[in-house]
Amino acid sequence: MIKTYLKQAWELLKQNPLFSSLYVVGTGLAIAMTMIMAVVYYVKIAPVYPEANRMNTLYLSQSRFEQGEEGHKSNFQWAFSLKAVQEWFYPVENATIVSASLQNDMTNNSYVQPSDRSGDFQVSLKLVDPNFFRIYSFRFLEGQAFTASDLESGIATAVITEELSRRLFGTVEGVVGRSFSLNYVDYRVCGVVHGASFLTSRSYAQVYMPYSVAKDYQKAEYGISHLGAYKVTFMVKDDAQEKALRAEIDEIVRKANLVHKDEWKVSIWDQPTSHLLSVFKQYASQEFDTWATVRHFLLVLLVLLLVPALNLSGMIASRMESRLAEMGVRKSFGAGRGSLLSQVMWENLLLTLLGGLLGLLLAWLGLYLCREWVFSVFDSWPSALPEGVEVRVSGEMLFAPLVFLAALLLCVALNMLSALLPAWHSLRKPIIYSLNEKR
């Protein structure tokens, strides 16, 4: 019976090309827009290379230090100094890995001087410690990460991406041990990695160096010993350890405020922040309203899916009116209302599946062609794309079967409802009315 319904649906599709085309395109556009939004957030949230440990990663990126008496207080908001990192965070017991990174003028303004003297060009730089490469699962094509000894000695060494390696040396093989000039200082390559995408901002860079190569890596800001430019990343094994880590850090802050009560008071708000929350929070002190976020996404889904479904419902109602005579004839030969409804449902399911396929192709095409801006379209403060950086979209980012399946099922459900209501209304009419409709 289902096979017969599908054959009939295919014939009707060919007999009514305008209706069928509008239905398929309308469904396809709804699925494409939903898919684009879903994939954008999938790339931000899901475990993708090299940020495969996102679900177990927490970030401590901001702090506020207060000085002075009540009524004459000075507030200093930044991150943490190396002293704070070494005294407070590296020794924590409730984390499997702790990594610190330094953000200063060197990370924001570094240029490579190529050996062929073709002209300096800017590169994205991260100043990190060896644990950075344990949290982020980079695939090394050659060599390895720098070591704790390299960090301690401040040796001029670097891990570079394969793209930069090809630009500097023309190859990714035999590069370890060779040197390149950055800001007119020679650095020895210790490893070459398959680069991260610009979309994975926590791990993206073209050059990774020990933070001890920076001249000001021990600097404290504004004369406050524990205020500086270091951000800390923690990796935990499960929710229980995450809860214990939060309690441990709260205790560290409480004790620090007691010890330094005559100097300053530090606040870290609700940090460390989970990766999921960090996607929706622009800064650490921001209050996160779960229900407001849920309402926002529900409203967007209603606009993307419900509005097209209502339009399709109107089209189907008009089409059902034109098919009343056909339905009347089938009723007169004993076809039940359930059988007729089943036929209408299968007809619309075929059109919805064709629309789903079209939507999937449109979504992939849109995401790839507009990759330089579409992934930041939902950001409150989107980052500008650095000059010369190409946004790379990997297969695991685009081909997310669960995302497509969820969008398709939701669209199928709405389309079935949009077809069911007008079909049910039309089939309630008496046989005589249906048979005389065309007269």
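As a basis for the values below, the full set of heavy atoms in this structure was taken, side chains included, without hydrogen atoms, waters or symmetry mates. Numbering of residues begins at 1 and proceeds along the displayed sequence.
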Q: For Tyr230 and Tyr211, run ring pair (Phe, Tyr, Trp, His ring centres under 6.0 Å): C-alpha distance rounded to whole Å, both residues' side-chain angles, the deciding distance at 0.1 Å, then the answer.
A: CA-CA 10 Å; Tyr230 283 88; Tyr211 56 65; 5.1 Å; yes
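- Checked against the 6.0 Å centroid criterion, the rings of Phe133 and Tyr208 qualify as a close aromatic pair.
- For an aromatic pair to be called close, the ring centres must be under 6.0 Å apart, and Phe140 with His194 fails this.
- Distance check: Arg178 CZ to Ser165 OG gives 8.0 Å after rounding to the nearest 0.5 Å.
- Aromatic rings of Phe76 and Tyr222 (six-membered ring for Trp) have centroids within the 6.0 Å cut-off, being under it.
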Q: With salt bridge (charged side-chain N to carboxylate O under 4.0 Å, His left out) as the test, would you mind laying out the steps for Glu163 and Arg392 before giving the verdict?
A: CA-CA 12 Å; Glu163 292 84 2; Arg392 187 171 65 250; 3.1 Å; yes
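- Counting non-hydrogen atoms of other residues, nucleotides and ligands closer than 6.0 Å to NZ of Lys281 gives a total above 12.
- Under the 30°/60° scheme for interplanar angles, the aromatic rings of Tyr136 and Phe132 are found to be tilted.
- For the pair Arg246 (side chain) and Pro272 (backbone), a donor-acceptor distance under 3.5 Å is present.
- When the options Thr233, Thr57, Asp129 are evaluated for a side-chain hydrogen bond (donor to acceptor under 3.5 Å, both in side chains) with Ser99, the one that passes is Asp129.
- Residues Ile224 and Gln67 form a side-chain contact, since some pair of their non-hydrogen atoms from C-beta on lies under 4.5 Å apart.
- Separation of the Phe89 and Phe80 ring centroids falls under the 6.0 Å cut-off.
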Q: For the pair Glu66 and Lys73, evaluate salt bridge (charged side-chain N to carboxylate O under 4.0 Å, His left out) and give the outcome as yes or no after the intermediate values.
A: CA-CA 6 Å; Glu66 295 180 357; Lys73 287 187 176 180; 3.5 Å; yes
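- Side-chain rings of Phe65 and Trp78 stay apart, their centers remaining 6.0 Å or farther from each other.
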Q | ring pair (Phe, Tyr, Trp, His ring centres under 6.0 Å) assessment of Phe297 paired with Tyr41 | A | CA-CA 11 Å; Phe297 283 106; Tyr41 279 98; 5.1 Å; yes
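- Residues Gln241 and Asn94 bring no donor and acceptor atom of their side chains to less than 3.5 Å of each other.
- For the pair Trp264/Ser225, a side-chain contact is recorded, criterion being any heavy-atom separation below 4.5 Å from C-beta on.
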